[in-house]
Amino acid sequence: MKSPRLFSSLSWKILAENRVRFVFSVIGIALSITLILIIRGFQDGIIHQVRRYPLKSGADIIVSQEGAESVLLTSSVLRRPLKGNLQKVAGVEKVTDVILSMVIFDHKDHKAPITIIGYDQNQAMGGPWAMAGGSPLSRRAPYLKTVESSDIPVLREQLVPKEVIFDVKLAQDYGLKVGNRVKIQDDFFTIVGLSDDTTAWITSPVFMSRESAAAVLKRPEKSTGLFLVNVAEDRNIQDVQKRMVLQSADPRGRSRWMKSIGVLTAEEFAGKEEELTRDFFVSIDRKSTR
């Protein structure tokens, strides 16, 4: 049996002979751990970003097309007449809708994906929650009174200004500032504000009116994306959510607009965003290891 002293001397001799291999092994392990930590931090940062819009939208409940519970990775298309049905649910205080879709922004031969978010600028829900500069979109009067003849007043719908609010980091990347005119798809818009705390990993938001978003995306007049629902202060959010789910599942009491919808609290919607994003990363990892 070898003595401990002999075993120790042999170990140091082997280590000395293979010191280069040992050093590179240690460096390799250290780099692997560092890379894992960087990727995990990057992933956690992205998860925080994708959860932001549902949680910052101002909504208690978010209604989407069934199976399209994501702002970034899916596209929800609903019919606007559904709004009337949602407003009739006991406990609902306010309902507004937003139009969302990813498009390619092409400016001075530099292309990048952006997410158009069209919202009602007269409501507190759906738009940017923090501003880094400029101003919000101009508030819109529903109608503008004009006179066709000397004594017959006629109501005409007011034209919506073509204004946008850019994410501040996106604007910096393109060298844009408040007051600049930009082309999005086939329409020109004036940048009136810069949103803060909205930068995202793949695509950053550009906020505009619902009417502008519908025109840019060529959406049908009665089409929208998501409904954002506020619940009355004295009502329980989960109870109101259950009523919506039951109404959408009851073939006797629902309208045809209530079919095939997803009804989630803002927290649940954010959880879906997180789940889809994590699945996205897992699929990339699987492909890279094949």
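All heavy atoms count here, side chains included; hydrogens, waters and symmetry mates do not.
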Requested in this report: Count the heavy atoms belonging to other residues, nucleotides or ligands that lie under 6.0 Å from NZ of Lys83, then report whether that count exceeds 12.
Outcome: yes
Requested in this report: Could you tell me whether the side chain of Val63 reaches within less than 4.5 Å of the side chain of Leu82, counting heavy atoms only?
Outcome: yes
**Report entry** Closest non-hydrogen atom pair between Lys111 and Tyr174, with its separation
**Finding:** C-OH, 3.7 Å
Requested in this report: Side-chain contact test, heavy atoms from C-beta onward, threshold under 4.5 Å: evaluate it for Arg181 versus Lys162 and give yes or no.
Outcome: no
Query raised in the report: According to a 4.5 Å side-chain heavy-atom criterion applied to Ile, Leu, Val, Met, Phe, Trp and Tyr, with indirect links allowed, do Ile61 and Val89 form part of one hydrophobic cluster?
Result: yes
Query - Pair Met244-Val92, side chain to side chain contact (heavy atoms under 4.5 Å, CB included): steps then yes or no - result: CA-CA 10 Å; Met244 288 183 179; Val92 170; 3.5 Å; yes
Requested in this report: Please test Val240 against Arg243 for side chain to side chain contact (heavy atoms under 4.5 Å, CB included), starting from the C-alpha separation and ending with a verdict.
Outcome: CA-CA 5 Å; Val240 176; Arg243 291 192 193 100; 3.7 Å; yes
Query raised in the report: Mind checking whether Pro54 and Ile62 have side chains closer than 4.5 Å, heavy atoms only?
Result: yes
Requested in this report: For residues Lys218 and Gln185, determine if any side-chain heavy atom of one lies less than 4.5 Å from a side-chain heavy atom of the other.
Outcome: no
Query raised in the report: Salt bridge or not for Glu273 and Arg51, using N-O below 4.0 Å?
Result: no
Report summary line: OH (Tyr119) and OG (Ser57) are apart, to the nearest 0.5 Å, by 13.0 Å
Report summary line: Given the options Leu228, Val95, Asp120, Asp97, Met125 meets side chain to side chain contact (heavy atoms under 4.5 Å, CB included) only with Leu228
Report summary line: Exactly one of Ile184, Val192, Asn180 clears side chain to side chain contact (heavy atoms under 4.5 Å, CB included) with Val164, and that residue is Ile184
Query raised in the report: Quick one: CZ on Phe189 to CE on Met208, what's the gap to the nearest 0.5 Å?
Result: 4.0 Å
**Report entry** Point-to-point distance, once rounded to the nearest 0.5 Å, from NE2 of His110 to CG of Asp173
**Finding:** 6.5 Å
Query raised in the report: With a 4.5 Å limit on heavy-atom distance, are the side chains of Phe227 and Leu78 in contact?
Result: yes
Query raised in the report: Are Val168 and Phe207 joined in one hydrophobic group, where the rule is that I, L, V, M, F, W and Y side chains link up if heavy atoms are under 4.5 Å apart?
Result: no
Report task. For residues Ala59 and Ala266, report the shortest heavy-atom separation together with the two atoms involved. Result -> O-CB, 3.4 Å
Requested in this report: Examine distances only and state if a side-chain atom of Ser76 and a backbone atom of Gln65 form a donor-acceptor pair shorter than 3.5 Å.
Outcome: yes
Query - Full working for side chain to side chain contact (heavy atoms under 4.5 Å, CB included) between Glu267 and Leu55 - result: CA-CA 6 Å; Glu267 184 64 44; Leu55 297 178; 3.6 Å; yes
Query raised in the report: When the ring planes of Phe166 and Phe105 are compared, do they come out parallel, tilted or perpendicular, using 30° and 60° as the limits?
Result: perpendicular
Requested in this report: Scan Ser135, Pro205, Ser195 and name whichever one has a side chain to side chain contact (heavy atoms under 4.5 Å, CB included) with Ile165.
Outcome: Ser195
**Report entry** Nearest atoms (heavy-atom pairs only) where Ile99 meets Ser223
**Finding:** CD1-O, 4.2 Å
**Report entry** Arg52 (side chain) donor-acceptor with Asp197 (main chain) under 3.5 angstrom
**Finding:** yes
Query raised in the report: Taking atom types as modelled and ignoring hydrogens, do the side chains of Ser138 and Glu163 form a donor-acceptor contact shorter than 3.5 angstrom?
Result: yes
Query raised in the report: In terms of hydrophobic clusters joined by side-chain contacts under 4.5 Å, are Phe269 and Val77 together?
Result: no
Query raised in the report: Would you say the side chain of Arg219 lies within less than 4.5 Å of the side chain of Ser101, judging by non-hydrogen atoms?
Result: yes
Report summary line: All heavy atoms of Ser64 vs all of Leu226, minimum pair found to be CB-CD2, 3.4 Å
Report summary line: Of all heavy-atom pairs linking Asp167 and Ser204, the shortest is OD2-OG, 3.7 Å
Query raised in the report: Going through the distances and angles, do Leu176 and Val182 end up as a side chain to side chain contact (heavy atoms under 4.5 Å, CB included)?
Result: CA-CA 9 Å; Leu176 297 170; Val182 293; 3.8 Å; yes
Query raised in the report: Checking Tyr53 side chain against Gly126 main chain: does a donor-acceptor pair fall under 3.5 Å?
Result: yes
Query raised in the report: Is it true that Asp239 and Arg235 have a side-chain N and a carboxylate O under 4.0 angstrom from each other?
Result: no
Report task. Examine distances only and state if a side-chain atom of Asn122 and a backbone atom of Arg139 form a donor-acceptor pair shorter than 3.5 Å. Result -> no
Query raised in the report: In the single-linkage hydrophobic clustering (I, L, V, M, F, W, Y; side-chain heavy atoms under 4.5 Å), do Ile116 and Ile104 co-cluster?
Result: no
Report task. Please check if any side-chain donor atom of Gln241 sits under 3.5 Å from a side-chain acceptor atom of Glu268, or the reverse. Result -> yes
Report summary line: Here the gap from Asp234 atom CG to Glu93 atom CD, rounded to the nearest 0.5 Å, amounts to 8.5 Å
Report summary line: Taking every heavy atom of Val178 against every heavy atom of Gly133, the minimum-distance pair comes out as CG2-C, 4.5 Å
**Report entry** Within-4.5 Å side-chain heavy-atom neighbours: Lys272 and Leu264
**Finding:** yes
Query raised in the report: Applying the 4.5 Å side-chain criterion to the ILVMFWY set and letting contacts propagate, would Leu217 and Leu100 be lumped into a single cluster?
Result: no
Query raised in the report: From Leu170 CG over to His107 NE2, what is the distance, rounded to the nearest 0.5 angstrom?
Result: 10.0 Å
**Report entry** Side-chain heavy atoms of Met102 within contact of Ile114, under 4.5 Å
**Finding:** no
Requested in this report: Look only at the side chain of Thr203 and the backbone of Thr115, and say whether a donor-acceptor pair between them is shorter than 3.5 Å.
Outcome: yes
Query raised in the report: For the atom pair CD (Gln123) and NZ (Lys94), what is the distance rounded to the nearest 0.5 Å?
Result: 5.0 Å
